S.K.: 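Quick one: the structure is below, questions incoming.
Note: hydrogens, waters and symmetry copies are ignored here, and every other heavy atom, side chains too, is used. If you're wondering where the values come from, they're calculated on a predicted model, not measured in any experiment.
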Amino acid sequence: MEALEDEIREYLVERKWDQLRPGDLAKSVAIEAGELLELFQWDNPSLAEVKANPERLAEIRKELADVLLYCLDIAVLLEFDTVQVVKDKLEKVRHKYPAALFKDRAEGTDAGTEDIYWQIKREHRQKGTS
């Protein structure tokens with residue numbers, strides 16, 4: 001990941017984009033995320049259906065790359081350790097959503113796991129934690 005961060009830093013410096021405002025990049029993340037979401041407007045295919053459609057996969061890949069690149073631009077400009085940022089958040093999410101509560105979903109039955117998710121989400125919002 002460090003090599004990728006270095007490549008992104010170089011890319012930004014070469015274009016004199018190394019002083020971009022984080023807010024402008026965050027707006028770009030949202031715009032590109034909207035374009036990714038647009039690929040799923042009016043339908044909600046399963047994972048298997050998406051994987052079976054090479055044209056759709058190519059479109060998703062393009063939009064996902066745009067989102068990731070803007071996210072990494074922000075991280076590089078703010079000198080974040082992107083690996084640590086992701087690990088820290090993953091640890092919080094593991095704690096917030098214990099695997100044991102969602103096991104049934106992994107086995108193919110939804111068995112109320114969406115209800116559990118939203119219950120946990122509401123509780124954390126009420127506490128002011130994320």
S.K.: Quick check for you: to the nearest 0.5 Å, what is the distance between E32 atom CD and E38 atom CD?
M.R.: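 Nearest 0.5 Å value for the CD-CD distance: 11.0 Å.
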S.K.: Is it the case that the side chain of N53 and the backbone of E55 share a donor-acceptor pair, with hydrogens and angles ignored and the cut-off at 3.5 Å?
M.R.: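 Pair found, side chain donor or acceptor close to backbone of E55.
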S.K.: Using a 4.5 Å cut-off on heavy atoms from C-beta on, say whether the side chain of K96 contacts that of K121.
M.R.: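 Touching, per the 4.5 Å side-chain cut-off.
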S.K.: For residues R9 and D18, determine if any side-chain heavy atom of one lies less than 4.5 Å from a side-chain heavy atom of the other.
M.R.: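 When only atoms from C-beta onward are counted, D18 and R9 do not touch, as no gap falls below 4.5 Å.
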S.K.: Can you name the residues that form a salt bridge (charged side-chain N to carboxylate O under 4.0 Å, His left out) with D66, not counting sequence neighbours?
M.R.: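 Per chain and number, D66 pairs via salt bridge (charged side-chain N to carboxylate O under 4.0 Å, His left out) with K62.
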S.K.: Please say yes or no: joined through hydrophobic side-chain contacts below 4.5 Å, possibly via intermediate residues, are L39 and L64 part of one cluster?
M.R.: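 L39 and L64: one cluster.
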S.K.: Would you name the heavy atoms of L78 and P22 that are closest together and state the gap between them?
M.R.: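 Looking at all heavy atoms of both residues, the closest pair is CD2-CG, 4.0 Å.
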S.K.: Taking the side chain as everything from C-beta on, heavy atoms only, tell me whether E7 gets closer than 4.5 Å to E10.
M.R.: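 E7 does not reach E10 side chain to side chain.
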S.K.: Answer yes or no: is there a side-chain heavy-atom contact under 4.5 Å between L57 and R61?
M.R.: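 A side-chain contact is absent here, since even the closest heavy-atom pair is not under 4.5 Å.
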S.K.: NZ of K92 to CG of L90: how many Å apart, nearest 0.5 Å?
M.R.: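 One finds 12.0 Å between NZ of K92 and CG of L90.
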S.K.: According to a hydrophobic-cluster definition based on side-chain heavy atoms being under 4.5 Å apart (Ile, Leu, Val, Met, Phe, Trp, Tyr only), do L72 and I60 belong together?
M.R.: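 Looking at the clustering, I60 is in a separate group from L72.
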S.K.: Could you tell me whether the side chain of L25 reaches within less than 4.5 Å of the side chain of R21, counting heavy atoms only?
M.R.: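 Sidechains of L25 and R21: no contact.
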S.K.: Tell me the closest heavy-atom pair linking A33 and V67, and the distance in Å.
M.R.: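 Smallest interatomic distance, heavy atoms only, reads N-CG2, 3.5 Å.
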S.K.: List for me each residue that meets salt bridge (charged side-chain N to carboxylate O under 4.0 Å, His left out) alongside K27, sequence neighbours excluded, and say none if there are none.
M.R.: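 Counting only residues at least two positions away or on another chain, K27 forms a salt bridge (charged side-chain N to carboxylate O under 4.0 Å, His left out) with D24.
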S.K.: Kindly say whether K51 contributes a backbone atom to a donor-acceptor pair with the side chain of R56 at under 3.5 angstrom?
M.R.: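 Flag not set: sc R56 to bb K51 has no pair under 3.5 Å.
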S.K.: Are the side chains of L68 and C71 in touch, meaning some heavy atoms are under 4.5 Å apart?
M.R.: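 L68 does not reach C71 side chain to side chain.
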S.K.: Identify whether Y11 and L20 are in the same connected component of the hydrophobic contact network (ILVMFWY, side-chain heavy atoms under 4.5 Å).
M.R.: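 Result: yes, single cluster for both.
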S.K.: Which of parallel (below 30°), tilted (30 to 60°) and perpendicular (above 60°) describes Y97 and Y117?
M.R.: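 Rings of Y97 and Y117: parallel, under 30°.
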S.K.: Would you mind writing out the side-chain donor-acceptor pairs for residues 80-88 within the sub-3.5 Å range, not counting sequence neighbours?
M.R.:
from, atom 1, to, atom 2, distance (Å)
D81, OD1, V83, N, 3.2
D81, OD1, Q84, N, 3.1
T82, OG1, E5, OE2, 2.2
Q84, NE2, D88, OD1, 2.7

S.K.: Donor-acceptor pair, E49 side chain versus S46 backbone, under 3.5 Å?
M.R.: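 It does hold such a pair.
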